[in-house]
There are 2 protein chains.
Amino acid sequence: MKQANSMHVTLQDVARQAGVSAKTVSRVVNNQGEISEDTRVRVQAVIEQLGYRPNYLARSLVSQRSHSLGVVTAGLEHHGPSHTLAGIEQESYKLGYSLLFSLLPEPDVPNIAPVLDNFVARRVDGIIWAVAEIQNNRAWIRPEVLVNLPPIVFLSMAPRAGLSIVAVDNRDGGMQAAQHLIDIGRKKVGMISGPLGWWEARERLAGGRQALEAAGVECSPSLVSEGDWSAASGARCMRQLLERRPDIDAIFAGNDQMALGALGVAHQLGRRIPEDIAVIGFDNIPESDSFWPPLSTIHHQLFEAGCISVNVLQKMIELRLHGRDHAPVLPTILTTSLIVRASTVSVSQLERN
Amino acid sequence: MKQANSMHVTLQDVARQAGVSAKTVSRVVNNQGEISEDTRVRVQAVIEQLGYRPNYLARSLVSQRSHSLGVVTAGLEHHGPSHTLAGIEQESYKLGYSLLFSLLPEPDVPNIAPVLDNFVARRVDGIIWAVAEIQNNRAWIRPEVLVNLPPIVFLSMAPRAGLSIVAVDNRDGGMQAAQHLIDIGRKKVGMISGPLGWWEARERLAGGRQALEAAGVECSPSLVSEGDWSAASGARCMRQLLERRPDIDAIFAGNDQMALGALGVAHQLGRRIPEDIAVIGFDNIPESDSFWPPLSTIHHQLFEAGCISVNVLQKMIELRLHGRDHAPVLPTILTTSLIVRASTVSVSQLERN
DNA sequence: TATACTTGCGTCAGCGCTGTCGTTATCGCT
DNA sequence: AGCGATAACGACAGCGCTGACGCAAGTATA
């Protein structure tokens with residue numbers, strides 16, 4: 001007989017049926033206040049009988065907290081964003097937050113105002129900005145904009161004063177990769193970088209350069225080619241590099257997909273991996289272990305970055321609630337680790353066989 | 001001077017400042033009713049000056065529509081789910097819906113009640129169930145449960161009466177793959193299937209079997225091995241198959257990752273692709289074009305499946321609003337297409353070279 | 001027995017917004 | 001001048017819930 005107008009059972013419905021006030025039902029639902037075991041049981045029974053589900057929207061309206069977080073990301077088809085998102089989701093769930101999800105069609109959408117407006121309109125408690133920093137797609141980040149927004153955590157961007165940032169140490173990862181190639185005795189290291197509009201691509205490349213220069217190994221522009229993260233671009237770059245510099249004996253690719261493309265070209269041109277050319281990638285995607293040959297790479301903790309960002313955000317939300325807002329925010333930088341597989345083997349080890 | 005208690009500018013604030021009633025501001029915001037150009041401009045100015053943003057929660061509370069959809073998925077790290085999600089997001093945005101996102105840690109979570117409860121509590125207008133059908137993880141789908149939920153669309157599951165379903169024709173895709181291997185003259189086709197708990201894996205395998213049997217090509221259990229979708233499992237299965245049946249001249253892998261693993265083992269064992277063994281995968285992940293050799297595969301429209309599911313859901317929501325609820329729901333089945341690359345070449349073509 | 005305190009609940013207002021139904025002021029028309 | 005029609009707004013209630021407060025009955029203390 002109900003159902004008709006509101007479609008949902010309300011607190012009032014339960015209260016009427018149980019012969020108590022709405023407030024008492026509210027207390028039972030929220031486990032608060034002093035309630036006799038008697039009424040608690042009775043109300044609980046009615047709740048189940050009627051199939052009552054609280055309306056979080058109404059609750060949020062009065063409590064001024066939605067217990068939801070806005071997440072903005074782009075390029076879910078890539079390894080990084082999807083793993084980070086998984087980490088964000090898991091941690092949010094643990095902390096009792098729901099996720100409002102917004103996916104940008106590309107990372108450098110010019111006008112992000114609608115996305116932010118939507119989050120504000122839905123009164124999210126905080127925002128996680130998990131879009132890679134490319135070109136000047138972070139130009140909108142200005143104090144006068146941020147002040148009208150809930151707390152925000154930024155993922156994978158260059159540290160900046162006053163912002164909460166969680167990022168992977170791409171530069172150090174790049175150094176590790178190049179250093180490994182040096183360690184196994186390679187002298188002519190070609191580098192296939194990601195698109196240089198991306199901060200992460202620049203960092204990885206810079207790290208590689210730094211290691212090469214420190215070791216006194218050649219590091220000229222003719223040894224660098226810019227891809228777009230895709231395997232196809234990796235193949236293109238590889239061909240270009242080998243044409244320019246046939247003496248190349250190692251490749252550092254900005255990600256595993258491009259490394260895959262490079263491997264394919266090497267096979268096609270009859271270059272043996274790792275005897276003629278050693279190859280190392282970046283990201284440690286699951287498939288890289290099954291490339292031919294299995295790919296050495298740099299592992300970084302994207303899932304963990306997602307988890308951490310949620311925790312940082314949670315703390316910021318608490319702080320704002322308690323008034324203390326301008327607490328110092330330290331960027332969190334996650335370290336990378338080297339994974340050595342068959343695609344890189346030291347020269348001396350090769351000679352031994 | 002405001003800000004202190006409510007943190008947000010409200011309709012009332014704007015109304016006071018503009019010297020009109022709250023209702024008038026509401027009319028301006030929603031572009032409804034008769035308003036003189038004069039007041040409209042004046043109110044608009046105050047809105048901008050104060051930085052007013054409507055509170056969708058309050059609006060939803062009275063309008064009984066949240067303009068949000070709940071999406072449940074699992075295994076975002078895989079190609080399928082992430083692409084489908086991208087399609088869902090794009091189409092939802094177009095139709096003015098926001099996405100509430102829930103990620104299951106694994107596809108066969110025993111208790112999905114919390115997820116559904118959360119969606120109901122947040123009053124989503126509809127739900128998209130984008131979790132693969134595996135084992136009996138759809139046992140919860142019973143009429144008495146569904147009746148208490150908003151409209152739901154199910155992705156990639158076996159058609160079932162009374163449910164709205166959007167799925168890819170995995171069986172036909174499997175047939176296309178096997179038929180292609182037959183067409184290029186292969187006689188001993190090994191099959192590396194996905195985990196057989198998955199409906200999609202069973203369908204692909206069944207399609208392959210069907211094509212082989214129809215062509216009178218051998219199709220015995222010794223030619224089938226069960227993987228877990230991962231490249232590593234593909235390698236394991238490949239080794240096992242070649243050990244059991246050294247006469248294999250073709251492989252149909254349940255997805256591209258497992259095909260990648262198979263390729264690696266073939267290289268390792270010195271079998272030439274495609275001369276000795278032709279390999280075809282399933283999914284058409286971007287990298288498959290850069291495998292060595294480039295992988296033939298079955299393409300299916302996952303992104304489109306996401307888009308379609310949102311549109312179907314939208315229609316269901318409209319129907320329920322207008323009372324007519326029990327309209328017939330037809331399953332949407334998307335067709336697949338064959339992509340031929342270097343990993344499968346006809347015997348005759350090989351002989352010509 | 002009077003006082004203070006606790007337990008167990010109800011009353012009421014209000015979160016921010018919109019739908020319904022007024023109420024004026026103005027206009028055109030006879 | 002008198003009438004109805006329209007335009008342009010405001011008053012009010014209520015969506016479902018919770019926080020602040022109140023109040024009666026029971027319990028402990030002096």
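Every chain is numbered from 1, with letters handed out A, B, ... down the list of sequences.
The backbone N or O of B/Val28 lies less than 3.5 Å from no partner atom in the side chain of B/Gln44, so there is not a single donor-acceptor pair.
Listed nucleotides: C/dC9, D/dG19, D/dC15. Nearest to the side chain of B/Gln64: D/dC15. You'll find that the side chain of A/Lys23 is closest to C/dG10, out of C/dG10, D/dC15, C/dC15. Listed nucleotides C/dG16, D/dC9, D/dT18 differ in distance to B/Thr10; the shortest reach to its side chain belongs to C/dG16. In this structure, the nucleotide among C/dT18, D/dT18, C/dG10 sitting nearest to the side chain of A/Thr24 is C/dG10. When distances are taken from the side chain of B/Pro54 to each of D/dG19, C/dC9, C/dC17, the shortest belongs to C/dC17. With C/dC17, D/dT18, C/dC9 as the choices, the nucleotide that has an atom nearest any side-chain atom of B/Asn55 turns out to be C/dC17.
Remark: C1' of D/dC15 and CD of A/Gln12 are 12 Å apart, rounded to the nearest angstrom. Per the geometry, CG belonging to A/Leu61 stands 17 Å off P belonging to D/dG14, to the nearest Å. With rounding to whole Å, A/Arg59 atom CZ is found 18 Å from C/dG16 atom P. Note: CD (B/Gln32) to P (C/dC17) measures 14 Å, nearest angstrom. As rounded to whole Å, 14 Å separates atom C1' of C/dG16 from atom OH of B/Tyr56. The interatomic distance linking B/Arg65 (CZ) with C/dG19 (C1') rounds to 17 Å, in whole Å.
Position along DNA chain C of the nearest nucleotide to B/Ala58 versus A/Glu34 favours A/Glu34 as the more 5'-ward residue. With the nearest nucleotide of DNA chain C identified for both A/Glu37 and B/Arg27, A/Glu37 has the one nearer the 5' end.
Residue A/Ser60 is classed as having no contact, given no heavy-atom separation below 4.0 Å to the nucleic acid. Using a 4.0 Å heavy-atom cutoff across all strands shown, A/Tyr52 reaches sugar-phosphate atoms only and no base atom. Using a 4.0 Å heavy-atom distance criterion, A/Ser63 is classed as making no nucleic acid contact. Counting non-hydrogen atoms under 4.0 angstrom, A/Ile35 reaches the backbone sugars and phosphates but no base.
Remark: B/Tyr93 OH is loosely packed, at most 12 non-hydrogen atoms of other residues, nucleotides or ligands lying under 6.0 Å away.
Using a 4.5 Å heavy-atom threshold, the side chains of B/Phe101 and B/Leu76 count as touching.
Each of B/Asp13, B/Val29, B/Val46 was compared with B/Tyr52 under the side chain to side chain contact (heavy atoms under 4.5 Å, CB included) criterion, and only B/Val29 meets it.
B/Ser21 has no side-chain polar atom (N or O) that falls below the 4.0 Å cut-off from OP1 or OP2 of D/dA11.
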For A/Glu91 and A/Lys94, what are the C-alpha separation, side-chain angles and deciding distance, and is it a salt bridge (Lys or Arg N to Asp or Glu O under 4.0 Å)?
CA-CA 5 Å; A/Glu91 202 65 16; A/Lys94 273 191 203 158; 3.7 Å; yes
